[in-house]
Amino acid sequence: GASWTYNGPEGEHHWSKHYPYCGGAFQSPIDIKSELLRFDPTLRPIEIQNYNLSPNEQLTLGNNGHSVQISLPSKMHISSLPHRYTAAQLHFHWGSSGRPLGSEHTVNSKQYAAEMHVVHFNSDKYPNMSMAVDKSDGLAVLGVLIEVGEFNPAFQQFLRFINGIKYIDQRVQVPGFNIRALLPARLDEFYRYDGSLTTPPCYPSVLWTIFRNHVTISRKQFLDMATALYSSYAQESSPVPLNENFRKPQLVDSRVVLVSFKE
Ligand SMILES: NS(=O)(=O)c1c(F)c(F)c(S(=O)(=O)CCO)c(N[C@H]2CCCc3ccccc32)c1F
Ligand SMILES: [Zn+2]
């Protein structure tokens with residue numbers, strides 16, 4: 001579809017001109033504020049299957065002009081939700097080299113350095129992502145907040161290849177690795193709310209699970225992610241850095257954020 005960006009004349013305040021849902025209700029991300037939270041004892045820990053991929057499997061690491069993404073095999077899925085949600089891809093949102101503040105969700109207005117999203121679709125009801133993406137029960141995204149701190153060996157499994165996808169539409173094959181290692185230790189502590197894609201077309205089709213606990217990557221790893229990529233083509237004379245690729249928090253309206261933990 002039409003090209004959209006995170007800043008300038010095609011930035012987020014203009015998205016709704018071509019993508020009406022972006023101006024609608026149930027939008028994501030949101031600021032997860034304490035006064036919105038309601039403890040829900042029925043929320044079960046997230047259970048994932050087949051996330052530990054063998055190095056014999058190849059994953060496609062790509063630069064789609066909006067983010068760095070890894071395509072995921074359909075054996076990976078979430079088994080603890082009312083329907084099976086099958087993995088499609090994971091991608092990231094980040095700040096810039098001088099500003100390690102690029103998460104989409106914020107917690108009591110605290111913005112993290114970056115955020116990872118693992119996108120799944122309801123494979124009990126829909127054959128693929130395209131059929132699920134605009135359905136109210138179509139998608140489930142796992143969100144992980146990322147801080148700069150300790151080096152993270154799991155992130156190195158794809159970051160070491162990032163210079164092979166510097167420009168839009170470049171892809172490389174990387175060996176499979178344990179995707180579970182990218183998630184925080186506790187999958188039983190999370191925020192849960194109904195929201196949307198955070199990029200056009202902004203369909204209100206996402207069951208969001210944002211883990212309570214963040215993960216860390218080193219400053220060098222953050223800089224690699226925040227400075228390696230461009231949203232322009234390789235041969236273009238003026239390269240456009242790909243950074244600050246996060247949408248601002250949206251209106252919560254009457255939505256409630258459920259939490260799986262008490263304190
Ligand atoms: N934050 S977010 O809402 O989770 C989110 C993004 F921020 C994001 F950039 C992407 S993208 O990288 O595909 C670039 C622009 O759509 C996606 N893709 C999803 C939704 C669009 C269709 C589709 C088809 C196959 C696999 C994934 C997806 C996305 F879901
Ligand atoms: Zn995302």
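- A donor-acceptor pair under 3.5 Å links the side-chain atoms of Ser54 to the main chain of Asn56, judged by distance alone.
- No side-chain donor from either of Asn7 and Thr5 sits under 3.5 Å from a side-chain acceptor of the other.
- With hydrogens and angles left out, the side-chain atoms of His93 and Glu104 include a donor and acceptor closer than 3.5 Å.
- Taken from CZ in Phe26 to CD in Gln250, the straight-line distance is 14.0 Å, to the nearest 0.5 Å.
- Asn152 CG to Phe222 CZ: the interatomic distance, rounded to the nearest 0.5 Å, is 14.5 Å.
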Check your understanding: Should Leu183 and Met116 be marked as a side chain to side chain contact (heavy atoms under 4.5 Å, CB included) after you check the CA-CA gap, both sets of side-chain angles, and the distance that decides it?
Key -> CA-CA 9 Å; Leu183 305 180; Met116 177 177 78; 3.7 Å; yes

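- Within the model, atoms OG of Ser96 and CG of Leu223 stand 10.0 Å from one another, a figure rounded to the nearest 0.5 Å.
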Exercise for review: Would you sort out whether His105 and Ile30 count as a side chain to side chain contact (heavy atoms under 4.5 Å, CB included), showing the intermediate values?
Suggested key: CA-CA 5 Å; His105 290 90; Ile30 61 170; 4.1 Å; yes

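- Ring planes of Tyr203 and Tyr21: perpendicular class, angle over 60° (limits at 30 and 60°).
- Atoms CZ and OG, on Arg255 and Ser28 in that order, are 5.5 Å from each other to the nearest 0.5 Å.
- Between Ala25 and Pro204, the shortest heavy-atom distance links the atoms O-CB, 4.2 Å.
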Exercise for review: Report the C-alpha distance between Asp188 and Arg186 in whole Å, list the side-chain angles of each, state the deciding distance to 0.1 Å, and finish with yes or no for salt bridge (charged side-chain N to carboxylate O under 4.0 Å, His left out).
Suggested key: CA-CA 5 Å; Asp188 62 324; Arg186 298 198 62 167; 2.7 Å; yes

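- Side-chain atoms of Tyr112 and Val107, non-hydrogen and from C-beta on, do get closer than 4.5 Å to each other.
- Using cut-offs of 30° and 60° on the angle between ring planes, the pair Phe158 and Phe177 is parallel.
- The closest side-chain heavy-atom distance from Ser260 to Phe190 is below 4.5 Å.
- Residues Leu101 and Phe246 come closest through the heavy atom pair O-CE2, 3.5 Å.
- Side chains of Arg247 and Trp15 form a contact here, defined as non-hydrogen atoms less than 4.5 Å apart.
- Taking the six-membered ring for Trp and thresholds of 30 and 60 degrees, Tyr167 and Tyr230 have nearly parallel ring planes, at less than 30 degrees apart.
- Residues Ser218 and Glu150 have side chains that never bring a donor and an acceptor to within less than 3.5 angstrom of each other.
- Rounding to the nearest 0.5 Å places OH of Tyr85 at 11.5 Å from CZ of Phe121.
- Two residues are said to be in side-chain contact when any heavy atoms from C-beta on lie closer than 4.5 Å; Ser205 and Asp134 fail this criterion.
- When all heavy atoms are compared, the tightest approach of His77 to Asn50 is CE1-ND2, 4.0 Å.
- Phe92 is listed as a side-chain neighbour of Ile146, based on a closest heavy-atom distance under 4.5 Å.
- Closest heavy-atom contact between Ile162 and Ala228: CG2-CB, 3.8 Å.
- Residues Tyr126 and Asp137 form a side-chain contact, since some pair of their non-hydrogen atoms from C-beta on lies under 4.5 Å apart.
- Distance check: Gln49 CD to Ile78 CD1 gives 10.5 Å after rounding to the nearest 0.5 Å.
- Tyr51 and His120 have parallel rings, their planes meeting at less than 30° on a 0 to 90° scale where 60° marks the start of perpendicular.
- Without hydrogens or angle criteria, Arg219 side chain to Phe151 main chain gives no donor-acceptor distance under 3.5 Å.
- Side chains of Val252 and Lys33 form no contact here, defined as non-hydrogen atoms less than 4.5 Å apart.
- Contact of the Leu187 side chain with the Phe211 side chain is registered, since non-hydrogen atoms from C-beta on lie closer than 4.5 Å.
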Exercise for review: For Glu263 and Phe39, run side chain to side chain contact (heavy atoms under 4.5 Å, CB included): C-alpha distance rounded to whole Å, both residues' side-chain angles, the deciding distance at 0.1 Å, then the answer.
Suggested key: CA-CA 9 Å; Glu263 62 274 316; Phe39 170 63; over 6 Å; no

Practice item. Decide yes or no on side chain to side chain contact (heavy atoms under 4.5 Å, CB included) for Val68 and Asn63, but give the supporting numbers first. Key: CA-CA 5 Å; Val68 51; Asn63 174 344; 6.0 Å; no

